[in-house]
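Worksheet: one structure, shown below.
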Amino acid sequence: MNNKYRTHNCNELRRENVGKNVILSGWINKKRDHGNLLFIDLRDNYGITQCIIDKENPNFRELEKIQLETVVTIQGSVVNRSKETINKEIETGEIEVGIEKYKVIGSCKELPLPVFSDQEYSEEIRLKYRFLDLRRKKIHENIILRSKVISFIRSEMYKSGFLEFQTPILTSSSPEGARDFLVPSRLNPGKFFALPQAPQQFKQLIMVSGFDRYFQIAPCFRDEDARADRSPGEFYQLDLEMSFVEQEDVFNVVEKLLVNTFKEFSNKKLLFKKFPRISYSDAMLKYGSDKPDLRNPLIISDITEIFLRDDVSFEIFKKLIKSGSMVRCIVTKKTKDKPRSFFDNIDKWAKDQGASGLAYFTIEKEKEISAKGPVGKFFSKEALKKIMKLTGAEIGDSLFLACSNQKELEKITSLARDKIAKDLNLINDDIFAFCWVVDYPMFEKDEITKKIKFSHNPFSMPQGDIEKIKFENPLDILAYQYDIVCNGIELSSGAIRNHIPELMYKLFSVAGYSKIDVDQKFSGMINALSYGAPPHGGIAPGIDRIVMLLANEKNIREVTMFPMNQNAEDLMMNAPSEVSDIQLKELNIILKNKK
RNA sequence: GGGGGUGUAGCUCAGUUGGUUAGAGCGAUCGCCUGUCACGCGAUAGGUCGAGGGUUCGAGUCCCUUCACUCCCGCCA
């Protein structure tokens, strides 16, 4: 590279370039003005070079006054720095550039936010001036990391025999799943496209088309509310699908990819090289969640049976159990000497979460085994021995108990597991703990409508002998449906697909869809499956979340170049925005509450 | 749709029990300073305390309403 803007970038010059006349361009990162001597840190994408000018130079007075973040071209010669003035913090720290000439090529107004600063500042201002925010070191590096991760994944996928294909962005609305983003069709008045929530049907059609292994870094659009780890509107998945495979084949490909990627881009250790498989029902019992953080050693146990004993007099729980509640507990190791406040804080915290609190006691032994704590007196020593057998608790350990219906229990024990582990500092932040959650139920009961609905992907293959599936007990049907979870974050879900049309109709009918409904809503898919479809399956790991984990960020906006805010607005581009009457008219749209 | 947190100078924040003229650091402007790398020193400008209403002799501070940002629940096949 050698043009009128630069002969080198700002991270290139070294001691061996001393004496050379060079041209550099970049942003004024920082000035240090000594009155008759001025230091300027010039920054570009690659790094920083210190430039220097003194009052002998006729440009001195102007450069003294130059605004930070102005873009300038500097011409000068590379000078050796004396030993005492070397800056080890930057790669160009052994040299500096003595400014001979300079030119402003992009002037800068007074900054609405500092670029050179480690200070946190408000999301609103960051998103409005994202182009300035992105100049800052941390996020600039995150975005570069994202690019490298995606590039690495692409090449790994090609190495594993996958081909990348694009699928349509304007497609049809689907009745299942998240809210769609709709796009009105001008040529078909009254009709709408939908942006794809995922290229689900397309990737299956690609398998039916005989391409065997497909992947895509696919944009996905879902009109749902945001979270810290969930962008509103759009996000990216590594969408992949394979023909003639079983569940384990998909696992092998993805495990290899994730292990390689996480080894390449992070120094954190992988807790498991072979990711453990945990069934959905086990996960819900032991962790209270289908996205367990396996860095957390705490395990939830069900001890409902204890409260059926005559030598346990915990009457409140006994009464609740008679009306269908269960009791589950979390054991904390060697906590007998923790102060009362430790236990009471957790109980209080649980109440703040809307639960009725967490009862607790500590198992002790002087002559006999006994339980210490507000509810300890309700348990006989035999009951305590049984509890220890059920939960693995030992002398000196404590138990936190919750009693409620299954759903509430899962919720509070899951939250409590996180909370207690944090309080006891049990989570090692220096590891990645992956796992597969498998054997999801095909259907679930809608809490409100009490109707049977698909619990995940309606195109998943049910487990077991297809001839023997008991459709009359739909809640017992498991699917070849799986999630991959890392450190408590759901990275993706996938499935072996149902490629048999007759079975598809049956499953949909359980969820209340007639054959006609299915033919209408999924015409492309169901039609294709009737013309010789291979068995196939796949998965779609979330790219944003993978990068988030690798960059050690807690918020997905830190790895997204131009994110929207929580209200799904782009503060920089002013999107969404109102459109002209002419545009609306062309689209045959009349707004109901036009101001 | 619901709950929590935050909102004071361009930026980040402090502001006691309600009490005189609302402060600091960074940034800006002006001046001094030839080896800094978060340079240093001095001065100046900069405020509808998110907005509206109420209580009070008096509100940044208390109450109500509302707006914005954010975190969480719902939602996310």
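Proteins get letters first, then strands, A, B, ... in listed order; numbering begins at 1 in each.
- The aromatic ring centroids of A:Y482 and A:F251 lie less than 6.0 Å from each other.
- With salt bridges taken as basic N to acidic carboxylate O contacts below 4.0 Å, one links A:E553 and A:K138.
- One distance of note links CD of A:E110 with CD of A:E69; it measures 13.0 Å at 0.5 Å rounding.
- Nucleotide B:rC37 has no partner under the Watson-Crick or G-U criteria, as no pair reaches both atom distances under 3.5 Å.
- Judged by distance alone, with hydrogens and angles left aside, A:R32 brings no side-chain donor or acceptor close enough to the base of B:rU34 to form a pair under 3.5 Å.
- Judged by a 6.0 Å distance limit and a 45° cone about the ring axis, A:K203 is not positioned over the six-membered ring of A:Y214.
- Looking at A:M573 and A:R130, their side chains never come closer than 4.5 Å, going by heavy atoms from C-beta outward.
- Contact between the side-chain N/O atoms of A:S122 and the OP1/OP2 oxygens of B:rU12 is found at a separation under 4.0 Å.
- Comparing B:rA14 with B:rC73, their C1' atoms sit 33 Å apart, to the nearest whole Å.
- We find that the ring of A:H34 and the base of B:rC39 stack, their centres lying under 5.5 angstrom apart and their planes tilted less than 30°.
- Across the interface with RNA chain B, nearest-nucleotide mapping of A:E444 and A:L127 shows A:L127 to be the residue nearer the 5′ end.
- Under the 4.5 Å side-chain criterion, counting only non-hydrogen atoms from C-beta, A:L24 is in contact with A:L13.
- Here A:Q50 lies in heavy-atom contact (under 4.0 Å) with a base.
- With distances taken from any side-chain atom of A:D41 to the nucleotides B:rU70, B:rC11, B:rC37, the minimum falls on B:rC37.
- Applying a 4.0 Å cut-off to non-hydrogen atoms, the residues of residues 225-232 of chain A that approach RNA chain B are A:D225, A:R227, A:A228, A:R230, listed by residue number.
- Residue-level contact check: A:F39 touches the bases, meaning some heavy atom is under 4.0 Å from a base atom.
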(request) Would you give a per-nucleotide map of nucleotides 25-30 of chain B, 5' to 3', where B means the base has a protein non-hydrogen atom under 4.0 Å away, S means only the sugar-phosphate does, and - means neither? (result) --SS-S

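- For the pair A:E124 CD and B:rG10 P, the interatomic distance rounds to 14 Å; values are reported in whole Å.
- In terms of phosphate contacts, A:R557 brings a side-chain nitrogen or oxygen within less than 4.0 Å of OP1 or OP2 of B:rC71.
- Judged by distance alone, the side chain of A:D229 and the main-chain N or O of A:K554 form no donor-acceptor pair under 3.5 Å.
- Within residues 561-571 of chain A, the residues having any heavy atom closer than 4.0 Å to RNA chain B are, in order of number, A:N565, A:Q566, A:N567, A:E569.
- Taking only distance into account, the side chain of A:R222 never meets the base of B:rC75 through a donor-acceptor pair shorter than 3.5 Å.
- Rounded to whole Å, atom P of B:rU34 lies 4 Å from atom CG of A:N36.
- As rounded to whole Å, 8 Å separates atom P of B:rC13 from atom CD of A:E120.
- As judged by a 4.0 angstrom heavy-atom cut-off over every strand, A:T85 is placed among the base-contacting residues.
- At the heavy-atom level, A:N555 lies under 4.0 Å from the strands shown only through sugar-phosphate atoms.
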